[in-house]
Amino acid sequence: MSDEPATQSARGTLSREKLLLAAVEMADEAGGAVPSTRKLAERLGVRAMALYHHFKNKDELLDGMVDLVFAEVELPEPGRDWREGMRLRAGSMRAALGRHPWAVGLMDSRLNAGTATLRHHDAVLGCLRRDGFSVAGAAHSISLLDSYVYGFAIQEAALPFDSAGGDDMEELAAGIMAQAAEMFPYLAEIAVEHAMKPGYAYGDEFAIGLDLILDGMERRRGQW
């Protein structure tokens with residue numbers, strides 16, 4: 001018996017949004033690998049050719065997936081102080097990349113940016129420009145902030161322990177102490193005096209580093 005009626009029915013209910021959500025979900029589950037067209041079609045219960053009614057090729061699919069991630073990021077609203085806006089956006093971006101680690105290397109690589117991506121960049125630029133940053137100063141600042149947020153997300157995802165702290169962090173620090181106490185005194189020092197302190201969590205470093213960057217931006221605002 002042919003499965004054509006079922007396939008046609010499934011294709012008829014397939015929307016661009018449903019397809020993108022499934023692709024993002026599969027990439028999240030795979031820990032970074034973007035799904036193949038065949039596997040995505042299998043997940044949705046359609047033939048691979050049905051996907052091409054919505055996306056001409058895999059690049060268009062990736063454009064849409066990245067746009068969904070940008071849509072998750074909270075943006076500064078008009079009238080919000082620039083520091084508060086940048087801090088809000090940076091924290092939200094870090095959280096989005098934590099949910100979708102595969103997206104880090106794709107966020108700024110797309111030639112055909114979607115509406116959410118363009119809205120995102122325009123809102124961030126607008127927040128800085130309205131508070132006295134020059135065009136060049138806003139460009140420099142966004143480049144610096146993105147490098148920090150993306151880099152922190154990559155590093156956080158690669159850590160051999162939970163960035164929120166806990167037993168894994170203590171075990172790692174103890175291992176460093178056992179090997180490095182005499183040969184590498186500064187490494188041992190940071191383990192004892194910083195990483196092994198009660199309540200320490202690597203994730204807290206994000207806000208501290210972000211404040212350092214924002215302080216530098218404040219000093220240079222109006223000078224670029």
Side-chain angles (χ1 to χ4, degrees), residues 16-17 20-32 34 61-110 112-133 135 137-159 161-166 199-218 220-221:
R16 179 185 175 90
E17 181 181 11
L20 284 174
L21 288 172
V24 167
E25 185 178 73
M26 290 180 69
D28 294 344
E29 293 171 357
V34 177
L61 177 63
L62 287 173
D63 292 341
M65 292 171 66
V66 169
D67 207 47
L68 276 187
V69 178
F70 269 112
E72 293 183 15
V73 180
E74 192 170 357
L75 296 175
E77 299 175 356
R80 185 184 290 270
D81 171 74
W82 76 267
R83 284 185 70 112
E84 184 182 352
M86 293 304 103
R87 187 177 288 109
L88 172 73
R89 180 257 185 178
S92 184
M93 176 66 83
R94 174 195 172 198
L97 294 176
R99 293 188 295 270
H100 313 294
W102 53 268
V104 177
L106 297 172
M107 297 299 278
D108 293 321
S109 69
R110 312 316 303 158
N112 298 297
T115 301
T117 304
L118 297 174
R119 182 185 299 115
H120 175 102
H121 292 306
D122 190 70
V124 177
L125 283 166
C127 182
L128 295 174
R129 292 286 288 124
R130 286 189 298 269
D131 262 356
F133 284 82
V135 173
H140 299 330
S141 298
I142 291 176
S143 178
L144 174 61
L145 284 166
D146 283 355
S147 296
Y148 176 67
V149 176
Y150 295 170
F152 195 95
I154 292 171
Q155 184 169 343
E156 192 170 31
L159 291 174
F161 54 85
D162 185 347
S163 66
Y200 174 79
Y202 177 79
D204 295 339
E205 301 287 356
F206 181 79
I208 296 169
L210 182 60
D211 278 339
L212 289 173
I213 292 172
L214 297 178
D215 288 346
M217 288 169 60
E218 176 63 48
R220 294 297 297 269
R221 182 167 56 134

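A quick note: this is a predicted structure, and the numbers were derived from the prediction, not measured.
A 4.5 Å side-chain heavy-atom check between M217 and L128 finds at least one atom pair inside the cut-off. Between E84 and P76 there is no side-chain heavy-atom pair separated by less than 4.5 Å. Between L75 and L88, the closest side-chain pair of non-hydrogen atoms is not below 4.5 Å. Looking at W102 and V24, their side chains come closer than 4.5 Å, going by heavy atoms from C-beta outward. Within the 4.5 Å cutoff, side-chain heavy atoms of R87 are placed close to those of D211.
Closest non-hydrogen pair, L106 versus V66, comes out as CB-CG2, 3.7 Å. Scanning all heavy atoms of the two residues, the minimum distance from L20 to M65 falls at CD2-N, 3.6 Å. Across M107 and Y150, no two heavy atoms sit closer than the pair CB-OH, 3.5 Å. Scanning both residues, V149 and A90, for their nearest heavy atoms gives CG2-CB, 3.8 Å. When all heavy atoms of V104 and A153 are compared, the pair lying nearest together is CG2-CB, 4.4 Å. Of all non-hydrogen atoms in G79 and R130, the two that sit nearest each other are N-NE, 4.3 Å.
Rounding to the nearest 0.5 angstrom, the gap separating the CG atom in D131 from the CZ atom in R80 is 12.0 Å. In this structure, CD1 in I142 is found 3.5 Å from CG in L125, a value given to the nearest 0.5 Å. Atom CE of M86 is separated from atom CE of M93 by 11.0 Å, given to the nearest 0.5 angstrom. The distance from the CG atom of L210 to the CG atom of D215 is 9.5 Å, given to the nearest 0.5 Å. From E74, atom CD reaches atom NE2 of H120 across 12.0 Å, with rounding to the nearest 0.5 Å. Rounding to the nearest 0.5 Å gives a distance of 4.0 Å between CD of E205 and OH of Y200.
The residues R221 and E218 are annotated as salt-bridged, a charged nitrogen and a carboxylate oxygen being separated by less than 4.0 angstrom. Comment: R89 engages D146 in a salt bridge, judged by a side-chain N to carboxylate O separation of less than 4.0 angstrom.
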(Q) Set out, in order, the CA-CA distance, both residues' side-chain angles and the distance that settles ring-ring contact (aromatic ring centres under 6.0 Å, His included) for H140 and F133, then state yes or no. (A) CA-CA 10 Å; H140 299 330; F133 284 82; over 10 Å; no
Q. What do the steps show when you test L214 against W82 for side-chain contact (heavy atoms from CB on, under 4.5 Å), and what is the final call?
A. CA-CA 9 Å; L214 297 178; W82 76 267; 3.8 Å; yes
Q: Go through the steps for R99 and D28 under the test side-chain contact (heavy atoms from CB on, under 4.5 Å), then give the verdict.
A: CA-CA 7 Å; R99 293 188 295 270; D28 294 344; 5.6 Å; no
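In this structure a side-chain-to-backbone donor-acceptor pair under 3.5 Å is present from S141 to G137.
Relative to the ring axis of F206, R94 places its NZ or CZ within 45° and under 6.0 Å from the centre.
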